[in-house]
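The structure presented is a predicted model; accordingly, all values stated were derived computationally and were not measured. As a basis for the values below, the full set of heavy atoms in this structure was taken, side chains included, without hydrogen atoms, waters or symmetry mates.
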Amino acid sequence: MAQIIVRQKGSLTQCTRNWPLFYMNDFSRFGLLVDDLSRVDRLLAKAGYQLETGECELYIAAEGDVPAQIQQVVSLLQGQGLDVATADLISCVYQG
């Protein structure tokens, strides 16, 4: 089962769930950035999404057509006036 990661904008923590043991510049982790994570949590739970809460992010269970589910989540959140953006959640990570 895939997971869609949703993180609070401005959060300085990095998602480390399911990172490979070794990675280089070609590793990325797609996710959504939102302006109000607690509100997103309530809205998605009310809409029937299966959620898991992380330290500074939510994980939405996704099966089947994941890109279509991402579009549905974005439409739902934007329809409620939330600011949603897609992002590489691994940006600015240094491995030395």
Side-chain angles (χ1 to χ4, degrees):
M1 177 183 303
Q3 291 182 319
I4 303 166
I5 303 169
V6 183
R7 173 158 314 138
Q8 175 74 38
K9 285 183 181 178
S11 171
L12 298 178
T13 60
Q14 293 290 332
C15 166
T16 58
R17 179 182 284 192
N18 300 323
W19 281 21
L21 294 176
F22 180 79
Y23 60 92
M24 297 300 287
N25 291 340
D26 59 350
F27 179 67
S28 65
R29 183 61 47 121
F30 172 82
L32 301 175
L33 295 177
V34 297
D35 58 344
D36 188 345
L37 190 63
S38 61
R39 186 167 171 222
V40 168
D41 188 5
R42 291 189 305 272
L43 286 170
L44 292 177
K46 184 176 179 180
Y49 285 90
Q50 185 179 6
L51 304 173
E52 184 180 339
T53 304
E55 182 180 336
C56 295
E57 61 265 337
L58 296 174
Y59 299 91
I60 306 168
E63 292 184 29
D65 188 355
V66 176
Q69 290 180 33
I70 292 169
Q71 290 176 331
Q72 291 171 352
V73 168
V74 169
S75 292
L76 171 70
L77 298 178
Q78 287 178 336
Q80 294 295 316
L82 287 159
D83 187 23
V84 182
T86 59
D88 178 2
L89 302 178
I90 308 300
S91 63
C92 300
V93 172
Y94 173 76
Q95 178 175 336

Does Tyr59 reach the side chain of Ile4, with side-chain heavy atoms less than 4.5 Å apart?
no
request  = Report yes if some heavy atom in the side chain of Leu76 is under 4.5 Å from a heavy atom in the side chain of Leu44; otherwise report no.
outcome  = yes
Minimal heavy-atom distance between Leu51 and Ala45, with the atoms involved, is CD1-N, 3.7 Å
In short, Ile70 meets Phe30 closest at the heavy-atom pair CD1-CE2, 3.6 Å
Contacts satisfying side chain to side chain donor-acceptor pair (under 3.5 Å) that involve residues 33-46 (not counting sequence neighbours) are Asp36-Ser38
- Query: Does one hydrophobic cluster hold both Tyr49 and Val84, with members joined at side-chain heavy-atom distances below 4.5 Å?
  - Reply: yes
Could you check if a side-chain atom of Leu82 sits within less than 4.5 angstrom of a side-chain atom of Leu43, using non-hydrogen atoms only? yes
Across all chains, not counting sequence neighbours, the side-chain contact (heavy atoms from CB on, under 4.5 Å) partners of Gln71 are none
* Asked: Between Val34 and Asp83, is a side-chain contact (heavy atoms from CB on, under 4.5 Å) present by the stated rule, with each step listed?
  -> CA-CA 6 Å; Val34 297; Asp83 187 23; over 6 Å; no
Residue pairs meeting salt bridge (Lys or Arg N to Asp or Glu O under 4.0 Å), one or both in residues 61-74, sequence neighbours left out, come to none
For Ser75, the side-chain contact (heavy atoms from CB on, under 4.5 Å) test, sequence neighbours excluded, returns none
**Asked** Should we say atom CD of Gln78 is surrounded by more than 12 heavy atoms from elsewhere, each under 6.0 Å from it?
**Response** yes
In this structure, CD of Glu52 is separated from CG of Leu58 (nearest 0.5 Å) by 10.0 Å
Among the clusters formed by ILVMFWY side chains lying less than 4.5 Å apart, do Leu33 and Val6 turn up in the same one?
-> no
d(Gln3 CD, Ile60 CD1) to nearest 0.5 Å is 10.0 Å
Problem - Test item: Gln8 side-chain N/O and Leu37 main-chain N/O as donor-acceptor pair under 3.5 Å - result: yes
With sequence neighbours left out, the residues meeting side-chain contact (heavy atoms from CB on, under 4.5 Å) with Ala85 are Lys9
The complete set of salt bridge (Lys or Arg N to Asp or Glu O under 4.0 Å) pairs with one or both residues in residues 67-81, sequence neighbours excluded, reads none
